[in-house]
Amino acid sequence: MAGKGAKPKKEPLAPPPADLPPAPGIGNMSLAGTMQEIAAMLELKGENRFKIQSYRRAADTLLNMPEDIRAIWRQGRLEDLPNIGEAIAGKIDELLRTGRLQFYERLRAEIPPGVLALTAIPDVGPKTALALYQALGVTSIADLETALAAGRGPEVPGLGAKSLERLRESIAAVKQRAADQRALLAVARPLARQIIDQLRGSGLPIDQIDMAGSIRRGRATIGDMDILCTSPQPQRIVDFFIALPIVGAVVGHGGNKATVRLRNGLQVDLMVLPPEHFGALLHHFTGSREHNIQMRDRALSRGLKLNEYGFDRPDGTRILCAREEDVFATLGLPWIPPELREGAGEIEAAGRGRLPHLVTVADIKGDLHNHSKWSDGTATIEEMARAARDRGYQYMAITDHSQSLTIAGGLTVDQIRQQAAEVAEVNRQLAPFRVLHGVELEIKTDGTLDYPDAVLASLDIVVASVHQGLRHEAERVTQRVIDACRNPHVDIIGHPTGQILNSREPSGLDVAALIAVARTTGTALEINASPERLDLNEIYTRQAVEAQVLLAVDTDSHHPEGFANVEYGITVARRGWAQAADILTTWPLDKVLAWLQQRQ
DNA sequence: GCCGTTTTCGGCCCGACTGTTTTCAGTCG
């Protein structure tokens with residue numbers, strides 16, 4: 001028998017030769033994408049659904065795991081990962097060694113091109129997609145639309161008149177949706193709060209109300225919103241909800257639920273529930289899918305069946321859960337914060353009493369990356385400082401752009417020297433509040449920094465960022481950022497990957513390599529809280545936390561209202577399992593000053 | 001294809017909804 005705790009294996013996959021580099025461009029994300037594609041193609045082939053599920057779960061593991069897959073591979077530990085066994089480990093190994101996967105390429109050759117795309121249509125899954133292809137020969141949504149318009153369709157087995165009509169509507173909807181995008185959390189969450197406030201203020205009887213789904217877990221972008229509440233008068237709640245001014249169209253409504261589309265296009269589901277089921281339903285609709293699967297698995301191992309109404313015992317009786325805490329307690333667990341519910345080890349951690357004490361907005365004591373009128377901000381240094389002080393902060397850094405970023409009014413060496421006098425004056429007025437004089441320093445396309453070291457040494461703090469040459473090849477971007485990280489004057493790497501949600505992909509930066517360097521240099525990595533950035537993301541945040549690399553939640557504010565965005569940076573930090581001690585900007589001023597001093 | 005504090009074989013999360021193939025399959029969240 002194998003030793004306790006270890007997963008017994010006949011012959012573990014050998015680690016790669018020490019001198020073999022991983023194939024370029026292959027990391028956690030791309031591997032997860034490949035696994036998802038394999039799952040979709042196997043589904044189309046009608047493969048065993050549990051095999052398909054295995055590839056999906058392996059993809060989830062890759063997406064949520066806190067470590068870089070290449071490091072695990074190098075150590076020969078692929079099969080130690082949950083949901084990754086001999087077969088999938090072998091495929092990951094093949095991809096990392098050679099950059100290709102024969103199994104995947106054979107599947108691609110087998111599946112008619114374009115059929116997969118049909119499954120983007122609502123209510124069209126693999127079975128329907130294949131039937132459409134076989135009966136009509138269509139290999140794209142456009143093909144299908146043309147065929148249906150020409151009166152074809154009745155020859156597809158299993159599709160009656162109703163289904164065909166529905167299909168036409170779904171195609172119209174999917175074409176519309178392609179133009180739309182997922183909403184930023186910073187757009188969706190205030191809307192959800194507004195709806196909840198209006199329902200609460202309606203005068204109608206509401207006992208409990210909360211948002212659920214990805215908005216409650218705090219994902220960076222939101223597809224649609226779920227709001228759950230309890231009330232003795234569900235119909236009146238539903239009627240009030242669908243008549244809200246913010247509602248653009250009512251998609252459907254009944255006695256205790258309604259689906260609407262807001263004026264900005266976001267879909268919102270409201271459900272009014274019996275109070276005795278509220279906890280179980282809130283848990284069920286908060287998800288994520290993988291978290292729910294693992295919770296049900298844990299229930300099964302205890303002879304219970306978990307569903308959205310509670311736990312069913314083998315004798316047919318039911319354990320009701322009015323509060324979410326009851327769901328966890330029934331499985332011997334403490335309540336798990338929604339931000340952690342991604343099925344990425346939180347249930348195991350909860351079971352061992354090892355959940356992190358997640359950082360909160362209330363822990364934040366300052367903000368170390370902000371702009372003023374001196375470059376591209378809209379407020380004076382004093383206005384920014386007063387706004388930060390009014391939030392209860394002890395300090396704020398002014399970090400206007402450096403000279404190379406001309407488009408943002410970057411400061412010359414002379415200008416930033418002049419700026420120091422204004423910072424000193426604001427500090428005289430607002431003491432003991434402290435404005436740190438800093439810069440958001442360009443990491444230039446040639447890899448050098450935008451000010452000489454002597455100038456950097458005269459500043460309180462330096463945030464180094466990439467704005468230009470984000471599309472450079474991965475090795476080059478990585479080298480530029482790592483070189484900046486190694487400069488002892490650089491304190492923080494700003495928005496490391498440069499991603500803009502919904503519009504710009506992250507650069508090719510090898511974040512794992514950056515984390516490894518930051519660990520040795522003691523440089524902090526930023527979680528930029530600007531809602532369209534959220535960079536580092538939660539996955540890299542967790543990698544940094546595990547590596548004990550310091551993080552800085554900064555809002556990159558260009559006006560006084562920007563400080564409120566700290567909420568979104570904190571959400572990322574929480575999703576990355578960060579505690580207050582991991583975050584530089586939760587530290588009090590004297591500790592931050594001592595840290596900066598010691599770095600000089 | 002993965003997994004194991006009853007297990008190395010035989011399971012695998014659960015229920016709602018819909019249409020149609022009148023007893024269930026497909027899709028979704």
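Order of the sequence lines sets the chain letters (A, B, ...), proteins ahead of strands, with each chain counted from 1. Note that the structure is predicted; figures quoted are calculated from it, not measured.
- For the OP1/OP2 pair of dC12(B) and a distance below 4.0 Å, the side-chain nitrogens and oxygens of S54(A) include no atom meeting the criterion.
- Looking at which nucleotide of DNA chain B each of L304(A) and D123(A) is closest to, the 5′-most match is held by L304(A).
- A distance of about 13 Å separates the P atoms of dC13(B) and dC3(B), rounded to the whole Å.
- Between Y55(A) and F103(A), the two ring planes are parallel [angle under 30°; tilted spans 30° to 60°].
- The residue Y55(A) sits close only to the backbone: its heavy atoms come under 4.0 Å of sugar-phosphate atoms, none of a base.
- The distance from atom CZ of R289(A) to atom P of dG15(B) is 17 Å, rounded to the nearest whole Å.
- One atom, CG of L300(A), and another, C1' of dT5(B), lie 16 Å apart when rounded to the nearest Å.
- With both ends at atom P, the span from dG29(B) to dT22(B) equals 27 Å, rounded to whole Å.
- Between dC13(B), dG15(B), dG26(B), one nucleotide has an atom nearer to the side chain of R296(A) than all others, and that is dC13(B).
- Nucleic acid contact class of G125(A) (heavy atoms, under 4.0 Å, all strands): sugar-phosphate only.
- If you check dA16(B) for Watson-Crick or wobble pairing at under 3.5 angstrom, you find it paired to dT27(B).
- Picking from dG15(B), dC13(B), dT27(B) the nucleotide with the shortest atom distance to the side chain of K305(A) gives dG15(B).
- To the nearest angstrom, C1' of dG29(B) lies 15 Å from NE2 of H291(A).
- Partner of Y568(A) under the side-chain contact (heavy atoms from CB on, under 4.5 Å) criterion, chosen from L185(A), L184(A), I527(A): L185(A).
- Rounding to whole angstrom units, OH of residue Y104(A) and P of dG1(B) are separated by 17 Å.
- Within the nucleic acid shown, N307(A) comes within 4.0 Å of sugar-phosphate atoms alone, with no base atom in reach, counting heavy atoms only.
- Using a 4.0 Å heavy-atom cutoff across all strands shown, P157(A) reaches no nucleic acid atom at all.
- Atom name P, nucleotides dT5(B) and dG1(B): the rounded distance is 23 Å, in whole Å.
- The residues D68(A) and R70(A) are annotated as salt-bridged, a charged nitrogen and a carboxylate oxygen being separated by less than 4.0 angstrom.
- As judged by a 4.0 angstrom heavy-atom cut-off over every strand, A161(A) is placed among residues touching the sugar-phosphate backbone only.
- One atom, NE2 of H283(A), and another, P of dC13(B), lie 15 Å apart when rounded to the nearest Å.
- For the pair R341(A) and E346(A), the salt-bridge criterion is not met [side-chain N within less than 4.0 Å of a carboxylate O].
- Nearest to the side chain of N83(A), among dT27(B), dC2(B), dG1(B), sits dC2(B).
- Taking atom P on both dC17(B) and dG10(B), the two are 36 Å apart, rounded to the nearest angstrom.
- Put simply, R57(A) has a side-chain N or O that comes within less than 4.0 Å of OP1 or OP2 on dC13(B).
- Heavy atoms of T128(A) sit under 4.0 angstrom from primed sugar atoms or phosphate atoms, though from no base atom.
- For the residue pair R182(A) and T221(A), a side-chain donor N or O sits within less than 3.5 Å of a side-chain acceptor on the partner.
- In this entry the distance linking CG of D269(A) with P of dA16(B) reads 16 Å, nearest Å.
- Using a 4.0 Å cut-off between charged side-chain N and carboxylate O, R200(A) and D197(A) make no salt bridge.
- Here I52(A) lies out of heavy-atom contact (under 4.0 Å) with every strand.
- The side chain of H284(A) has dG29(B) as its nearest neighbour among dG15(B), dC28(B), dG29(B).
- Taking atom C1' on both dT27(B) and dT20(B), the two are 15 Å apart, rounded to the nearest angstrom.
- Between S163(A) and I293(A), it is I293(A) whose nearest contact on DNA chain B lies nearer the 5' terminus.
- In this structure, the NZ atom of K51(A) is 19 Å from the P atom of dG11(B), given to the nearest Å.
- With both ends at atom P, the span from dC2(B) to dT6(B) equals 24 Å, rounded to whole Å.
- Residue contacts for E308(A): at a heavy-atom cut-off of 4.0 Å it reaches the sugar-phosphate backbone alone, with no base atom in range.
- Between I92(A) and M35(A), some side-chain heavy-atom pair lies under the 4.5 Å cut-off.
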